[in-house]
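These notes are about the structure you will find just below.
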Amino acid sequence: MANAPLLAATTAFIQRAPRMLIGADWVEACDGQTMPLHNPASGEQLCQVPRATVEDVERAVLAARRAFDDSPWSRTRPRERQNLLWKLAELMQRDAQMLAQLECLNNGKSAAVAQAMDVQLSIDFLRYMAGWATKIEGSSVEVSMPLMPDAQFHSFIRREAVGVVGAIVAWNFPLLLACWKLGPALATGCTVVLKPADETPLSALKLAELVQEAGYPDGVFNVVTGTGSIAGAALTRNPLVDKLTFTGSTAVGQQIGKIAMDSMTRVTLELGGKSPTIVMADADLASAAAGAASAIFFNQGQVCCAGSRLYVQRKHFDRVVADIADIANAMKLGNGLDPSVEMGPLISARQQERVARYIELGRSSGASIACGGEAFGPGYFVKPTVIADVGQQHPLVQEEIFGPVLVAIPFDDEADALRLANDSPYGLGASIWSNDLAAVHRMIPRIKSGSVWVNCHSALDPALPFGGYKMSGVGREMGHAAIEHYTELKSVLIKL
Ligand code: NAD
């Protein structure tokens with residue numbers, strides 16, 4: 001099939017070289033520096049965006065600070081916040097195809113899948129958060145105060161917006177990750193400075209246009225495009241930021257966490273993963289194989305909770321691995337604008353090389369490659385790859401590869417499966433494929449991860465908190481939990 005044509009609006013957006021939004025203004029970097037963006041399907045340059053300086057980040061934080069402290073936004077009622085978020089979701093629905101095309105061009109992912117998944121999940125999540133705006137509650141408590149036995153008190157606990165939020169996100173789901181932070185921030189009355197990933201700022205810049213169109217006051221949402229080492233670091237260290245929320249690698253998350261602790265800035269960290277897919281002997285093997293394939297190959301394996309470690313009960317190991325290899329071999333790779341394409345390129349030449357290095361490491365240490373194993377161009381493609389005959393302590397099993405590479409290991413019984421699944425520094429997600437209800441319920445509490453899926457994988461819903469155990473992070477996104485992370489509690493005691 002041929003590539004679907006781009007909307008005129010998509011082409012125009014890219015051709016006009018989008019700027020950053022700081023306060024009310026669409027601006028260049030103050031020193032005029034730009035950075036190029038590339039289409040991962042071809043390696044060709046798409047456009048240039050501003051490379052924000054430390055001063056640009058300071059201006060954006062100041063705009064967010066003023067909007068939080070002094071603007072009409074600081075006095076908005078819950079109903080207005082609900083209506084504005086709903087309006088923003090409606091505008092995103094109107095422009096869903098354009099947002100999906102921007103994700104495809106900038107990230108390489110399928111435009112059709114981006115529209116159905118990334119964009120729709122973002123819209124659904126903002127609508128879900130619009131509902132929370134009117135349901136943020138404190139509480140009242142009766143106090144004892146034994147040292148003042150004759151006094152009377154009225155005491156209550158307020159839940160207040162945390163303030164200026166510095167949000168830094170990764171490139172694998174650019175729009176969705178931004179909305180996971182924007183939704184609870186705007187529902188609770190915070191203001192935001194977003195630093196999208198260096199590689200993928202386009203959908204965030206389009207989102208900023210829609211935020212303006214929805215009628216948010218100036219400074220409530222600001223976007224600075226730039227590098228992690230300059231713009232990201234400046235946002236992390238800015239004393240006017242009340243809360244940092246970061247989605248990215250564990251290594252950078254650790255740095256940000258340490259900086260946040262020095263200044264006691266509130267922080268949530270959504271980090272890396274190496275999630276197990278566990279196939280028990282009683283599972284429906286065909287659906288387990290299809291599920292395991294999609295758990296690792298969706299989004300080219302560039303998914304924080306991708307099922308990148310496959311554990312299959314020994315007697316069915318060969319069959320399940322062969323079934324997944326068949327699925328992988330049949331996948332069509334290509335440009336995400338072609339609706340028949342099932343797997344696009346990786347984000348960058350750097351990521352392609354990193355994934356290829358891991359595959360080579362497997363080969364050189366005697367692992368068997370059941371399928372795939374090759375990188376090719378033009379563009380940054382890696383064939384969907386399944387690797388067997390590796391030990392549990394091999395880097396392929398212990399480290400996050402962040403590409404379409406599955407490592408498969410057999411296990412003997414339930415205890416063995418749990419031991420292997422938990423033998424990882426990460427703890428983001430896990431799936432169990434089984435119809436043995438008792439076994440499944442025995443296993444769920446023993447798996448050390450923030451999400452456990454049964455007979456499905458990476459299935460997300462706005463109502464379900466998402467986040468990690470262990471090195472996969474601190475805090476949760478989505479669900480009621482997100483509201484808690486964007487608010488502070490204030491205890492009030494009135495002596496009558
Ligand atoms: P990364 O850590 O390199 O970059 C993430 C963001 O941090 C980017 O915007 C980058 O510019 C910025 N950054 C880099 N250095 C910085 C610094 N010193 N100070 C401040 N900001 C800095 O990660 P990546 O390669 O873009 O993303 C892939 C990683 O993200 C994977 O580990 C993946 O598992 C993780 N991820 C986690 C989740 C989750 O919800 N847990 C979701 C998506 C991706």
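The first residue in the sequence is number 1, and the count goes up from there. A quick note: this is a predicted structure, and the numbers were derived from the prediction, not measured. Start at 1 and go down the list; that is how both ligands and their atoms are numbered.
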Quick one: which of P196, G272, G248, G467 has a heavy atom closest to atom 29 (C) of ligand 1?
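Residue with the shortest heavy-atom distance to the ligand atom: G248.
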List every atom of ligand 1 that sits less than 4.0 Å from any heavy atom of [X], numbering the atoms from 1 in the order shown and giving each element.
X: I168; result: 6 (C), 7 (O), 9 (O), 12 (C), 20 (C), 21 (N)
X: N172; result: 43 (C), 44 (C)
X: G232; result: 19 (N), 20 (C), 21 (N)
X: Q255; result: 18 (N)
X: T236; result: 20 (C)
X: C304; result: 34 (O), 36 (N), 37 (C), 38 (C), 39 (C), 40 (O), 41 (N), 42 (C), 43 (C), 44 (C)
X: D198; result: 10 (C), 11 (O)

So is [X] in contact with ligand 1, going by heavy-atom distances below 4.0 Å?
X: A197; answer: yes
X: F466; answer: yes
X: A233; answer: yes

Identify each donor-acceptor pair in which a side-chain atom of residues 173-197 lies under 3.5 Å from a protein atom, sequence neighbours left out, and give them as a table.
{"from": "K181", "atom 1": "NZ", "to": "T245", "atom 2": "OG1", "distance (Å)": "2.9"}
{"from": "K181", "atom 1": "NZ", "to": "T247", "atom 2": "OG1", "distance (Å)": "2.9"}
{"from": "K181", "atom 1": "NZ", "to": "E477", "atom 2": "OE1", "distance (Å)": "3.3"}
{"from": "K181", "atom 1": "NZ", "to": "E477", "atom 2": "OE2", "distance (Å)": "3.1"}
{"from": "T188", "atom 1": "OG1", "to": "P184", "atom 2": "O", "distance (Å)": "2.7"}
{"from": "T188", "atom 1": "OG1", "to": "A185", "atom 2": "O", "distance (Å)": "3.1"}
{"from": "T191", "atom 1": "OG1", "to": "A64", "atom 2": "O", "distance (Å)": "2.8"}
{"from": "K195", "atom 1": "NZ", "to": "D198", "atom 2": "OD1", "distance (Å)": "3.1"}
{"from": "K195", "atom 1": "NZ", "to": "G226", "atom 2": "O", "distance (Å)": "3.1"}

Results of side-chain hydrogen bond (donor to acceptor under 3.5 Å, both in side chains) for E55 - residues two or more places apart only:
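Per chain and number, E55 pairs via side-chain hydrogen bond (donor to acceptor under 3.5 Å, both in side chains) with T53.
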